[in-house]
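Values below: all heavy atoms of this structure, side chains included; hydrogens, waters and symmetry mates excluded.
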Amino acid sequence: MAELIDYLQFVLAPQALNGLSLGVAVVLMALGLTIIFGLLDVINMAHGEFYAMGAFLALTLAGLGVGFWALLVLVPLLMLPIGWLAERWLIARVFHSRDRHILTLLLTFGLGMILEDLLKLVYGPNTLRPENPIEGGTEILGMFLPNYRLFLIGFGLALIAAVWLVVFRTGLGAMVRAAAFDKDMASSLGVPVRRVYAGTFAFGVALAALSGVLLAPIYSVFPTMGRDFILMAFTVVIVGGMGSIQGAVIAGLLLTQVQALSSLYISPVWSDPLVFGIMVLVLMVRPQGLFGRLGHA
């Protein structure tokens with residue numbers, strides 16, 4: 001019995017904490033993806049590069065003397081106009097085309113490649129590691145837990161709750177959901193649909209950039225970081241349901257726990273195939289994912 005308690009306390013619990021800290025950051029990134037798809041019906045293939053841009057922008061500002069707490073506010077604010085312009089100048093130009101699904105996918109995929117090459121050109125191909133903004137750890141029930149991971153969990157969960165409140169409990173969120181459900185009816189009722197589209201896309205980009213700021217001290221920063229991380233975010237969105245905020249949160253937290261805990265029993269190289277296997281099973285049983293779209297939530 002004592003061995004079981006020790007195993008739960010010193011092996012499973014710390015690993016679950018690592019999975020939770022990764023999970024809240026994945027959820028933040030997946031929320032941006034799912035809100036963009038739920039409203040614009042656009043699969044943003046450049047989302048990973050916006051995540052990387054947030055991390056590199058944080059590194060640049062930190063080198064100029066900006067503190068970590070200011071970065072959590074400043075980086076998303078700086079990325080908002082970038083997301084707005086990307087939607088207005090690029091996506092909006094092909095949005096009403098008959099083949100807009102393919103065109104927007106290819107357009108954002110090309111945009112992602114350009115952004116990745118720009119990051120390589122400006123910062124070089126090497127991996128950079130920012131300093132840990134919150135040093136030390138805290139002992140809880142006999143476990144020594146890094147303070148930064150505890151902060152990441154608390155801050156991420158609070159931000160996820162704030163996003164939910166904005167979408168489902170405010171007038172702005174009502175306009176977003178109305179535009180997602182029926183854009184023509186929303187427009188006839190006075191909702192500025194085009195501005196809602198651009199603002200929602202910019203908000204999703206800002207969430208991705210904030211995820212980059214939060215995860216940079218843990219996973220380092222390099223130009224191709226978005227390419228790897230976006231696979232997990234897309235898996236979360238697909239399993240949760242394309243366009244479902246509730247689905248993105250639940251699927252993100254569950255899948256990262258599966259990934260973290262399974263690495264205790266199988267080689268870590270099989271953790272990602274296991275998660276993708278779960279995605280395939282969900283699609284076989286329930287092709288629309290676990291939950292519905294944003295406009296129907």
Side-chain angles (χ1 to χ4, degrees), residues 22-48 51 87 91 94-109 160-161 163-169 173-186 191 193 196-197 200-201 203-205 207-208 211 229-259 262 271-297:
L22 174 63
V24 293
V26 169
V27 167
L28 288 176
M29 190 171 180
L31 278 179
L33 273 175
T34 201
I35 290 173
I36 289 172
F37 182 84
L39 179 60
L40 278 73
D41 209 17
V42 169
I43 300 175
N44 181 18
M45 297 298 293
H47 207 69
Y51 156 77
E87 199 282 333
I91 294 174
V94 299
F95 187 75
H96 298 288
S97 171
R98 291 178 56 186
D99 300 321
R100 68 184 181 88
H101 290 97
I102 296 177
L103 290 177
T104 52
L105 188 147
L106 293 175
L107 181 64
T108 55
F109 180 75
I160 291 168
V163 171
W164 185 89
L165 287 173
V166 168
V167 173
F168 293 104
R169 291 294 184 269
M175 288 194 297
V176 170
R177 288 182 286 118
F181 185 78
D182 190 333
K183 66 179 185 297
D184 295 326
M185 178 63 72
V191 175
V193 173
V196 170
Y197 281 178
T200 303
F201 190 88
F203 181 67
V205 167
L207 283 179
S211 300
F229 203 71
I230 193 64
L231 293 176
M232 186 61 176
F234 268 120
T235 303
V236 167
V237 171
I238 292 170
V239 171
M242 296 290 285
S244 170
I245 293 178
Q246 180 184 7
V249 174
I250 294 176
L253 296 178
L254 287 178
L255 290 178
T256 49
Q257 284 298 318
V258 169
Q259 191 178 47
S262 65
S271 296
D272 286 341
L274 176 62
V275 170
F276 296 147
I278 293 174
M279 178 187 70
V280 172
L281 288 176
V282 170
L283 290 176
M284 291 173 61
V285 176
R286 189 175 173 84
Q288 70 270 34
L290 300 177
F291 298 91
R293 294 171 57 90
L294 175 64
H296 303 265

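Side-chain contact check for Phe291 versus Ile245: every heavy-atom pair is 4.5 Å or farther apart. In this structure, Ile278 and Leu254 have side chains that are not in contact, with every pair of non-hydrogen atoms separated by 4.5 Å or more.
Among the candidates Leu33, Val27, Leu31, the single residue satisfying the side chain to side chain contact (heavy atoms under 4.5 Å, CB included) test with Leu207 is Leu31.
Contact record, Val236 with Ala248: CG1-O, 3.3 Å, taken as the closest heavy-atom pair. Listed here is the closest heavy atom pair of Ala179 and Val196: CB-CG1, 4.3 Å. Taking all atoms of both residues into account, the shortest heavy-atom contact from Ala25 to Ser211 is O-OG, 3.4 Å. Minimum heavy-atom separation, Leu103 to Ser97: CD1-OG, 3.3 Å.
The closest donor-acceptor contact from the side chain of Ser262 to the backbone of Val258 lies under 3.5 Å. The backbone N or O of Asn44 sits nowhere less than 3.5 Å from a side-chain atom of Thr108 that would complete a donor-acceptor pair. Here the side chain of Thr200 pairs no donor or acceptor atom with the backbone of Ile36 at under 3.5 angstrom. A distance-only check finds a donor-acceptor pair linking the side chain of His47 to the backbone of Met29 [under 3.5 Å].
In this structure, Phe203 has no ring-ring contact (aromatic ring centres under 6.0 Å, His included) partners at least two apart in sequence or on a different chain. With sequence neighbours excluded, the residues forming a side chain to side chain contact (heavy atoms under 4.5 Å, CB included) with Arg169 are Trp164, Leu165, listed by chain and number. Under the side chain to side chain contact (heavy atoms under 4.5 Å, CB included) criterion, Val280 pairs with Met284, sequence neighbours left out. With sequence neighbours left out, Tyr197 forms a ring-ring contact (aromatic ring centres under 6.0 Å, His included) with Phe95. For Met175, the side chain to side chain contact (heavy atoms under 4.5 Å, CB included) criterion is met by Leu172, Val191, Pro192, not counting sequence neighbours. Applying the side chain to side chain contact (heavy atoms under 4.5 Å, CB included) test to Ile238 and every residue at least two apart in sequence or in another chain returns Met242, Met279, Leu283. Every residue was checked against the side-chain hydrogen bond (donor to acceptor under 3.5 Å, both in side chains) condition with Gln257, not counting sequence neighbours, and none meets it.
Counting non-hydrogen atoms of neighbouring residues, nucleotides and ligands closer than 6.0 angstrom, the CG atom of Leu106 exceeds 12 such neighbours.
Note that the CD1 atom of Ile250 and the CG atom of Leu253 stand 8.5 Å from one another [nearest 0.5 Å]. Atom CE in Met45 sits 12.0 Å away from atom CG in Leu107 (nearest 0.5 Å). Distance check, rounded to the nearest 0.5 Å: CZ of Phe234 to CD1 of Ile43 gives 6.5 Å.
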Do Val237 and Phe37 pass the side-chain contact (heavy atoms from CB on, under 4.5 Å) test, and can you show the C-alpha distance, the side-chain angles, and the key distance before you say yes or no?
-> CA-CA 10 Å; Val237 171; Phe37 182 84; 5.7 Å; no

Decide yes or no on side-chain contact (heavy atoms from CB on, under 4.5 Å) for Gln259 and Leu22, but give the supporting numbers first.
-> CA-CA 10 Å; Gln259 191 178 47; Leu22 174 63; 3.8 Å; yes

